[in-house]
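Following: one structure in structure tokens, then a few remarks.
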There are 2 protein chains.
Amino acid sequence: MKKITIGEASRTSGVKVPTIRYYESIGLLPEPNRSEGNQRAYEPADLRRLAFIRHARELGFEVEAIRTLLTLQDDPHQSCASADAIAKARLIEVEQRIRSLMALKAELELMVEGCGHGRVDQCRVIEVLADHGQCSHARH
Amino acid sequence: MKKITIGEASRTSGVKVPTIRYYESIGLLPEPNRSEGNQRAYEPADLRRLAFIRHARELGFEVEAIRTLLTLQDDPHQSCASADAIAKARLIEVEQRIRSLMALKAELELMVEGCGHGRVDQCRVIEVLADHGQCSHARH
DNA sequence: TCTTGCACCTCTAGTCGCTAGAGGATGTAG
DNA sequence: CTACATCCTCTAGCGACTAGAGGTGCAAGA
């Protein structure tokens, strides 16, 4: 049973060293055992937990949501309704965000296309920003 | 020439009062004249500037980008190449964000659909989070 | 054995764009 | 004149890290 240093944990999980320590400080990761020289010594289970956290963060789950998901994972006999609800809520957020970004994209495209590449006083980018009324009236 | 209070400026621009003071503190808005009682007294030009800022923020431009756009607007004889570049960069950011959110949406949908609404140990949501290999290999 | 040099430790403070709250002054309507 | 809303400044907090200072541990080469 070789001990896993924080650096190895970082390399295998793709989570930066200070971020791992941060996760520990906010209680997402348990405090690992320490070596004689007071260095963190992780175990495979910690690496799995770290991978879980990383994946969830990549999917945009907030730390509090991840905290809940982790407690669910820790107790596999519970109903998964909460996990389901958290994922659904995240899905709805993502869908809304996509919609608003699409509207935004349309408006930016209009701005960029309309730019005559001349001087600022003819610039559609500046003009549109200065006058919301010129927008294609995307909801924002 | 009636003086415009910060509250009126807030109502007409839709920017909250503390946010207006914040914009002043970081130099996006000029320091307005003060009334006898030391209250800010805005002028129409300030309201236009505030509207510009708000619109740009809604489009997701960062404060530093807005700072540049504002200096461009202040000097209309400059080339609008910078404004154009800033808007284009923002457009690219938005497009990338949309792409990554679409991938994310697909993965969340798989998770949610796959949830059997039973116990956690059969929950696809938890399972997928725990094992990245189960992803549809969206790039993340 | 010594030394070099990297990885580790803790702690504090900074990032971005606000937002909240304390504690007090001013302005306005009845 | 009294409420009460609005204004003022100032500091601290949010989320999720990130950066840096100042120090210790450890493994490998000379």
Gap between atoms [atom1] and [atom2], on [X] and [N] respectively (whole Å):
X: B:Glu24; N: C:dG17; atom1: CD; atom2: C1'; result: 16 Å
X: A:Ile20; N: D:dA16; atom1: CD1; atom2: P; result: 18 Å
X: B:Arg54; N: C:dG17; atom1: CZ; atom2: P; result: 17 Å
X: A:Asn33; N: C:dC9; atom1: CG; atom2: P; result: 13 Å
X: A:Arg67; N: D:dG15; atom1: CZ; atom2: P; result: 10 Å
X: A:Glu8; N: C:dC6; atom1: CD; atom2: P; result: 18 Å
X: A:Lys3; N: D:dA27; atom1: NZ; atom2: C1'; result: 12 Å
X: A:Ile26; N: D:dG15; atom1: CD1; atom2: P; result: 10 Å

So among A:Leu70, A:Leu69, A:Ile20, which one has a side chain to side chain contact (heavy atoms under 4.5 Å, CB included) with A:Ile53?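 With A:Ile53 as partner, A:Leu70, A:Leu69, A:Ile20 yield a single side chain to side chain contact (heavy atoms under 4.5 Å, CB included), made by A:Leu70.
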At what distance, to the nearest 0.5 angstrom, does [atom1] of [X] lie from [atom2] of [Y]?
X: A:Ile6; Y: A:Glu24; atom1: CD1; atom2: CD; value: 7.0 Å
X: B:Glu58; Y: A:Glu107; atom1: CD; atom2: CD; value: 8.5 Å
X: A:Ile86; Y: A:Glu64; atom1: CD1; atom2: CD; value: 10.0 Å

Let me spell it out: for each of B:Glu36 and B:Glu62, pick the nucleotide of DNA chain C with the closest heavy atom. Which residue's pick is nearer the 5' end? B:Glu62
For C:dC18, take OP1 and OP2 only and decide whether either is under 4.0 Å from a side-chain N or O of B:Tyr23. yes
N or O in side chain of A:Arg40 less than 4.0 angstrom from C:dC9 OP1/OP2: yes
Just compare [options] and give me whichever is closest to any side-chain atom of [X].
X: B:Val63; options: D:dA16, C:dC8, C:dC18; result: C:dC18
X: B:Lys16; options: C:dT19, C:dC18, D:dA16; result: C:dT19
X: A:Gln39; options: D:dA16, C:dG27, D:dC26; result: D:dC26
X: A:Thr19; options: D:dC26, D:dC8, D:dT18; result: D:dT18
X: A:Arg34; options: C:dC9, C:dT19, D:dC26; result: C:dC9
X: B:Val17; options: C:dT19, D:dC7, D:dC17; result: D:dC7
X: B:Arg21; options: D:dC8, C:dT10, C:dT19; result: D:dC8

By the 4.0 Å heavy-atom rule, please label B:Ile6 as base, sugar-phosphate, or nothing.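 Sugar-phosphate only.
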If you assign A:Tyr22 and A:Ser35 each to the DNA chain D nucleotide with the nearest heavy atom, which residue ends up on the more 5' nucleotide?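 Between the two, 5'-proximity favours A:Tyr22.
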Is atom CZ of A:Arg97 surrounded by more than 12 heavy atoms (other residues, nucleotides or ligands) closer than 6.0 Å? no
